[in-house]
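Notes for the one structure printed next.
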Protein chains: 2
Amino acid sequence: MARRRRAEMLEETRARLIDAARAAFAEKGYAGASMDELTARAGLTRGALYHHFGDKRGLLAAVVDRLDSEMAARAHEIGQRHTNAWEGLLAEGGAYIELARDPEIQRIVLLDGPAVLGDPSQWPSQNRCLLATMTTLETLSREGVVKPVDVEAAARLVNGAALNAALWVAASDDADVLERATDAFRQLASGLLTRDSSTTEY
Amino acid sequence: MARRRRAEMLEETRARLIDAARAAFAEKGYAGASMDELTARAGLTRGALYHHFGDKRGLLAAVVDRLDSEMAARAHEIGQRHTNAWEGLLAEGGAYIELARDPEIQRIVLLDGPAVLGDPSQWPSQNRCLLATMTTLETLSREGVVKPVDVEAAARLVNGAALNAALWVAASDDADVLERATDAFRQLASGLLTRDSSTTEY
DNA sequence: TATTTGACATACACCCCGTATGTGTCATTA
DNA sequence: TAATGACACATACGGGGTGTATGTCAAATA
C-alpha cells in the first residue's frame, strides 16, 4: 500500500468525522450526541475533533453545511427537469417538502441547526436553498409570470411554508398528508402569479 | 400579613419558576441555562423544580405553553379588530410576524422549542396559534372568500410562512424588512382567495 | 540529519443534570 | 389537641460530558 500524502489523510479524517457526526446527530440529536462516542466510532478521539472544528458547534456547522449543499443540489436538479419555469418552482417547493422527510435533514437542519447555530438565513452556507428559489423567482418575475414581487421576501416565505409543511409531513404518519401539504403549497404559491398567468395556467 | 393557603403558595412557586426560566432561557438559551442558577434567582433550589416539572424539558414545556397562549391571545385579538374577516387573517399573520420579533418568543418558541420538544404541531399546547388561524380560515371558506381549501394544511403553511418571515425580520436590523415581509405575506396569502374575491378585494 | 510544524492522543478540571434521601410544615382524623 | 400522613421543598451524591492544556510522533523543510 502506497503511502498517502498528508493532505489526503487530513481530508479523510475530516470527512470521517463529519460522517460520524452526521449519523450521531441524526440518531441522538445534537445535545444527546457524545463527542467521545462519536469520535471513537470514527476511529479517532476528541483531540482530532477540536483540532479540526474548534468545538462541538463547529462540527455541527460543518455537517449542516454539507447537508444544505446536498439539499440545494437535489431540489434545484428537480426544478430543472421542468421546462415550464413556474412548474419548476412548484416542483422545487415540493422537493423541499420531500427532502425534509429524511430524518437526518429533519433533525439536524430543521430542528437542531436553528437552535444551536441561530437563524438559518444567517448561516455561512448562505442558505443555498433560498438562493436557488430566489433565482427561479427572479426569472419568473422577468418573464411576467409572477407579479413584480420583492424576490428575497417572497423566496423566504415560500421556503418557510415548504419547510413548515415538511415538518408536518414528517411528524405525522398519514400517507395522504404529503399530498394535502403539496396541494396547499400550490394554492398558496399561486398568490404570486400575475392575473394573466393565473387564468391561463392555474 | 395573613397566612396564605397552601395552594396559593404552590401556584406562586410554580409561577416564580416559570418566570425565572423564561428569563434564563431567553437570555442564555435552553442548553446554556443552568438550573442551579435559574432556581437560585427565584429564591429556590433544583428540588422545587424537579418536584413540579419533572425535568428540564418539563420546565421548558411549561414556559412554551404560557408563551404560546400569550401569542395566540394577542394575535387573535388583533385579528378580531377587523370587521372584514380576510383583512383579519392578514392582520393575524402580520401579528405573528411582529410577535416573533420579541427575543423571548424567538429564542424559546421558535428556536429551542422545536429542537427540544419536537415538532410544534405535536405540542400539548395544541399550537393555539394554528387553531386560531384554522378557525379564521374555516369561516372565510364558508363565506366563499377563500377557495375550498384543506383548512389545516393551508393554516400550517400560512403560519409557517409568517413565522419564517419573523425569524428573518428579527435577524436583520433593517427597518424596512418588516414591511417587505408583510407585503410578501399578503401576496402569498392571496393565493387562497377565490377569483371573485381576488378581483374585488385585492 | 537536525529542526520545526502540525495532526492527533492523553489527562485534567469544571460544570451540569437527574435521583435518592432527608426535613419541616400543613391538612386531617380521632 | 395530639398524632399521623402527605406534600413541598432542600440537600447530597453519582455519572457523564465539554473544553483546554499538555504530550507525542510522523512529516515537511532546509
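Chain A is the first sequence line, chain B the second, and so forth, proteins listed ahead of strands; every chain is numbered from 1.
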Considering only residues two or more places apart or on different chains, which pairs with a residue in residues 14-26 of chain A satisfy side chain to side chain donor-acceptor pair (under 3.5 Å)? A/Glu12-A/Arg16, A/Asp19-A/Arg66, A/Arg22-A/Glu70, A/Arg22-A/Glu104

For the CG atom of A/Leu89 and the CH2 atom of A/Trp86, what is their distance to the nearest 0.5 Å? 5.5 Å

Near DNA chain C, which residues from residues 23-45 of chain B have a heavy atom under 4.0 Å away? B/Ala33, B/Ser34, B/Met35

Side-chain N or O of B/His51 less than 4.0 angstrom from OP1 or OP2 on D/dC9? no

Nucleotide D/dG17, atom P - distance to NZ of A/Lys56 in whole Å: 9 Å

Give me the atom names and distance for the closest heavy-atom approach of B/Gly144 to B/Ser197. O-OG, 3.8 Å

Whole-Å distance, A/Arg14 CZ to C/dC8 P, equals 11 Å

Taken to the nearest whole Å, CD/A/Glu11 to P/C/dA7 is 11 Å

If you assign B/Gly47 and A/Asp55 each to the DNA chain D nucleotide with the nearest heavy atom, which residue ends up on the more 5' nucleotide? B/Gly47

Interatomic distance where CG belongs to A/Leu60 and C1' belongs to D/dT18 [whole Å]: 15 Å

Between atom CG in B/Leu49 and atom P in C/dC17, what is the gap in whole Å? 9 Å

Throw together a table of side-chain donor-acceptor distances under 3.5 angstrom for residues 168-177 of chain B, partners on residues two or more places apart or in other chains.
from	atom 1	to	atom 2	distance (Å)
B/Ser172	OG	B/Trp168	O	3.3

Spacing of B/Met35 atom CE and B/Leu44 atom CG [to the nearest 0.5 Å]: 12.5 Å

Tell me the interatomic distance from B/Tyr50, atom OH, to C/dA20, atom P, rounded to whole angstroms. 13 Å

Whole-Å distance, A/Leu17 CG to C/dA9 C1', equals 13 Å

At less than 4.0 Å, is any side-chain N or O atom of A/His52 found next to OP1 or OP2 of C/dC8? Yes or no. yes

Are A/Lys28 and A/Glu37 within salt-bridge range, i.e. N to O under 4.0 Å? yes

Within a reach of under 6.0 Å around CD of B/Gln122, are more than 12 heavy atoms found that belong to other residues, nucleotides or ligands? yes

Closest to side chain of A/Ala48, choosing from C/dT19, D/dA10, C/dC8: C/dC8

In whole angstroms, the gap separating P of C/dC17 from CG of B/Leu59 amounts to 11 Å

